[in-house]
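Naming convention: chains lettered A, B, ... in sequence-line order (proteins, then strands); numbering from 1 in each chain.
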Amino acid sequence: MSEIIQPRVLKGFRDFLPQAEMERAALVEALTATFRSSGFVPIDTPALEYSEILLGKAGGETEKQIYRFADNGGRDVALRFDLTVPLARFMAEHSSELYLPFRRYHMAKVWRGENTQRGRYREFMQCDFDIVGVDTASADFDIVSTIALAMRALGVPGAAIHVNHRGVFNRFLEKAGIADKSVETLRVVDKLSKIGAAETRTLLAELVGGSAADEILEFIRGGEGFEATLARMTAIAGGPNPDSDRLAELFEMADACGLGGSVRLAPSITRGLDYYTGVVFETFLAEIPEIGSVCSGGRYNDLASLYTKQRLPGVGAAIGLDRLLAALEAIGKSAKPAGYTKVLVVNADPSLCAEYQAAAASLRAAGVACEVFPEARKLGQQYAYAEIKGARFALVRGPEEKARGAWLLRNLSDRSNAEYDSLEAALAALSALEG
RNA sequence: GUGGAUGUAGCUCAGCGGUAGAGUCCCAGAAUGUGGAUCUGGAUGUCGCGGGUUCGACACCCGUCAUCCACCCCA
């Protein structure tokens, strides 16, 4: 007898039991509806790509985190670590078959070989939505508004969408004469909300000196309204410019759509990924900001240039479905469906199974999700099973009901029974109760 | 990748260098067609895994795997 292989999954990879998967499915359904309502269409791409495609513009971090190996044919391949880079390849490869502007959504698993933490896994689902082919404030705003709609659809309308523009920051760095330290500076600045102003200043002072550090702190100090912060940033960065104008336009649209309160100008956010070239976004839940951004993105005007000479500017954002779910669970706002069965057809007598199945077929034809309990067990056990599956009613017909020509409908929540002299009558009563 | 904590029944956790425990859950019966209470009885463990020290290891040591936390980075 061979030894039993221990059933297990890799670190950072997970199985999803029905309860968890139904919660995820509910999120996916809500997001799908949101994306479609704003004109996004779905696409899909392979999980595995040539490494050179995915690593084209990757920095050191991406290279460390990517799952990369030689396939059976000796090809150098890698698992996608996000959905944006594959989109760039996809656009370059299929631009002649597409139309611009192209707005797509894509919900799929991605893989990163980094260390795990709550809400951070090695295999996780991203929900991306992007608009490719235009570089306008309107497109930027469409992404912001879609984030806001998605958060509303998920029951967290109070989410704060933090917005910034890399161009404005770069102008400021030029003017302050520290452009050569931009990468390190951006990295430190990104931590402001986490480590606080004092600690940030210490780190910046080590990097660029005390006076420049004070200048940077003054630049990234948020807190006022969007327009006041923008005016101050613009002034410090050397006056009006196309990038700050873009932010102003973006805010004007948000304000006009009633989203002025959700959109905040956060001069300290810069985003680590180096393919962003314009506006950048991060989204925080008011109830649990410490879990990090649940939806991030920005404008990337050069990404497709790795794969095509055609100019394909884009803007988009990615929702981290698993982190979002962890956050929603932590604040008690995740949907918890027990199951999809509305009615359990009880098996009270195996010889009546044909009637049970016929009744179930009628229920389904009427749009009522139901299942027949597949063997005869004690009624109590069958009711308990129905409760586990989230059913609200049980349809019962045993020898006694059969003799009377009746069907019994049991309301599982209040444990009341009602008898009907036909299946049609029971069905009618059911739809009345369901409202 | 670095540092810290944790890993004992399905779940939540006690425990101690000398025979593995509690609560809960589950199963059966009291109640042979009606699941939320009660009572009675019952089942369940490679003490994460692998080595080592020891007369003896769940306990001590080393390694390993996994989870959580921090750094880093990010969804």
Side-chain angles (χ1 to χ4, degrees), chain A residues 3-14 17 27 31 58-66 80-84 107-129 147 150 183 186-188 190-191 194-195 199 269-274 276 280-285 290-298 316-327 344 346-349 352 373 376-389 391 394-403 408-417 419:
Chain A
E3 266 187 49
I4 288 182
I5 298 167
Q6 190 193 350
R8 56 183 186 153
V9 297
L10 290 163
K11 177 190 180 73
F13 289 67
R14 299 162 299 158
L17 299 183
L27 282 193
L31 292 175
E61 282 303 327
T62 303
E63 200 135 358
K64 270 196 301 187
Q65 293 183 355
I66 202 163
R80 63 180 174 217
F81 62 92
D82 74 2
L83 300 176
T84 303
M107 296 192 253
K109 281 181 171 174
V110 302
W111 296 268
R112 292 181 195 175
E114 65 175 336
N115 253 343
T116 55
Q117 240 178 78
R118 177 163 55 132
R120 300 176 63 161
Y121 310 98
R122 290 183 168 176
E123 177 183 67
F124 59 98
M125 173 100 67
Q126 262 186 226
C127 307
D128 271 40
F129 44 105
I147 296 172
V183 174
L186 290 174
R187 189 166 297 154
V188 174
D190 218 18
K191 297 182 193 170
K194 205 172 213 172
I195 64 178
E199 184 70 13
I269 71 157
T270 59
R271 308 290 306 142
L273 292 175
D274 48 20
Y276 292 119
V280 289
F281 321 112
E282 293 191 348
T283 309
F284 297 90
L285 303 188
E290 66 272 15
I291 201 161
S293 172
V294 296
C295 177
S296 308
I319 293 175
L321 191 85
D322 299 277
R323 176 180 292 183
L324 180 58
L325 191 56
L344 178 75
V346 167
N347 192 329
D349 181 345
L352 298 178
F373 200 83
R377 276 192 206 163
K378 285 180 157 186
L379 291 191
Q381 289 185 331
Q382 297 193 45
Y383 292 147
Y385 172 85
E387 185 166 47
I388 289 168
K389 293 298 292 287
L395 187 62
V396 186
R397 172 176 246 213
E400 295 172 21
E401 286 81 10
K402 167 89 171 167
L408 192 80
L409 191 62
R410 179 176 178 87
N411 184 325
L412 292 166
S413 48
D414 65 14
R415 305 190 175 199
S416 62
N417 294 332
E419 209 166 284

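Between the P atom of B/A66 and the CG atom of A/Leu10 lies a distance of 7 Å, rounded to the nearest Å. Between the CZ atom of A/Phe13 and the C1' atom of B/U67 there is a distance of 16 Å, given to the nearest Å. For the pair A/Arg377 CZ and B/U34 P, the computed distance is 17 Å after rounding to whole Å. The CG atom of A/Asn347 sits 16 Å away from the P atom of B/U34 (whole-angstrom rounding). Distance CZ (A/Arg122) to P (B/C65): 10 Å, rounded to an integer number of Å. For the pair A/Glu387 CD and B/C25 P, the interatomic distance rounds to 14 Å; values are reported in whole Å. Residue A/Tyr385 contributes atom OH, which lies 15 Å from atom C1' of B/G35 at whole-angstrom precision. Here the P atom of nucleotide B/A28 and the NZ atom of A/Lys378 are 6 Å apart, to the nearest Å.
Not one side-chain nitrogen or oxygen of A/Gln117 sits closer than 4.0 Å to the OP1 or OP2 atom of B/C68. For the pair A/Arg8 and B/C65, the criterion of a side-chain N or O lying under 4.0 Å from OP1 or OP2 is not met.
Picking from B/C73, B/U34, B/G35 the nucleotide with the shortest atom distance to the side chain of A/Arg415 gives B/G35. Residue A/Tyr383 has its side chain nearest to B/U34 when only B/U34, B/U67, B/A70 are considered. When each of B/G35, B/C74, B/C73 is scored by its nearest atom to the side-chain atoms of A/Arg323, the top-ranked nucleotide is B/C74. Picking from B/G33, B/C74, B/G29 the nucleotide with the shortest atom distance to the side chain of A/Leu408 gives B/G33.
Across all strands shown, B/A22 is found opposite B/U12 as a Watson-Crick or G-U wobble partner, with both distances under 3.5 Å. In this structure B/G56 sits in no base pair that meets the Watson-Crick or G-U test at under 3.5 Å. The pairing partner recorded for B/A43 is none, the criterion being a Watson-Crick or G-U wobble arrangement whose two distances lie under 3.5 angstrom. Under the Watson-Crick or G-U wobble criterion, with both distances below 3.5 Å, B/G17 is left unpaired in every strand shown. The nucleotide B/A70 finds its pairing partner in B/U2, both defining distances of the Watson-Crick or G-U wobble pair being shorter than 3.5 Å. Of the nucleotides present, none pairs with B/U32 by Watson-Crick or G-U wobble criteria with both distances under 3.5 Å. Here B/G50 sits opposite B/C62 as a Watson-Crick or G-U wobble pair (both hydrogen-bonding atom distances under 3.5 Å).
Residue contacts shown for A/Val396 include a base, since a base heavy atom lies under 4.0 Å away. At the heavy-atom level, A/Gly12 lies under 4.0 Å from the strands shown only through sugar-phosphate atoms. At a threshold of 4.0 angstrom between heavy atoms, the contacts of A/Asp349 with the nucleic acid are absent. Across all strands, A/Leu412 comes closer than 4.0 Å to base atoms (heavy-atom distances). Residue A/Asp322 is classed as having no contact, given no heavy-atom separation below 4.0 Å to the nucleic acid. No engagement by A/Gly292 is indicated, since no non-hydrogen atom pair under 4.0 Å with the nucleic acid exists.
Going from atom CG of A/Asn347 over to atom OH of A/Tyr385 covers 12.0 Å, rounded to the nearest 0.5 Å. Note: A/Leu408 CG to A/Glu400 CD = 10.0 Å, rounded to the nearest 0.5 Å.
Here the side chains of A/Leu409 and A/Glu419 are not in contact, with every heavy-atom distance at 4.5 Å or above. Counting only heavy atoms from C-beta outward, the side chains of A/Phe124 and A/Leu325 never approach each other to under 4.5 Å. Here the side chains of A/Val396 and A/Asn417 are not in contact, with every heavy-atom distance at 4.5 Å or above. The closest side-chain heavy-atom distance from A/Ser296 to A/Phe281 is not below 4.5 Å. In this structure, A/Leu395 and A/Arg397 have side chains that are not in contact, with every pair of non-hydrogen atoms separated by 4.5 Å or more.
Comparing the C1' positions of B/U54 and B/A43 gives a spacing of 35 Å, expressed to the nearest Å. Straight-line distance between the P atoms of B/A22 and B/G41: roughly 14 Å, to the nearest whole Å. The separation of B/G15 from B/A28, taken at their P atoms, amounts to 35 Å, rounded to a whole angstrom. Remark: the separation of the P atoms in B/A57 and B/C68 is 33 Å, to the nearest Å. Atom name C1', nucleotides B/C11 and B/U44: the rounded distance is 13 Å, in whole Å. On the P atoms, B/C27 is 24 Å away from B/G21, given to the nearest whole Å. Taking atom C1' on both nucleotides, B/G51 is separated from B/C25 by 36 Å, rounded to a whole Å. Spacing between B/G45 and B/G10 at atom P, rounded to whole Å, works out to 8 Å.
One cannot find a donor-acceptor pair under 3.5 Å joining the base of B/C73 and the side-chain atoms of A/Arg112. Remark: the A/Gln381 side chain and the B/G35 base include no donor-acceptor N/O pair separated by less than 3.5 Å. A donor N or O paired with an acceptor N or O is found under 3.5 Å between the base of B/G33 and the side-chain atoms of A/Glu401. At a cut-off of 3.5 angstrom, counting only N and O atoms as typed in the model, there is no donor on one side facing an acceptor on the other between the side-chain of A/Arg118 and the base of B/C69.
The residue among A/Lys11 and A/Arg410 whose nearest nucleotide of RNA chain B lies closer to the 5′ end is A/Arg410. Nearer the 5' end of RNA chain B, as judged by each residue's closest nucleotide, is the contact made by A/Pro399, out of A/Pro399 and A/Tyr121.
Shown here is A/Arg14, whose CZ atom has more than 12 heavy atoms of other residues, nucleotides or ligands within 6.0 Å.
By the side-chain hydrogen bond (donor to acceptor under 3.5 Å, both in side chains) test, A/Thr283 pairs with no residue at all, sequence neighbours left out.
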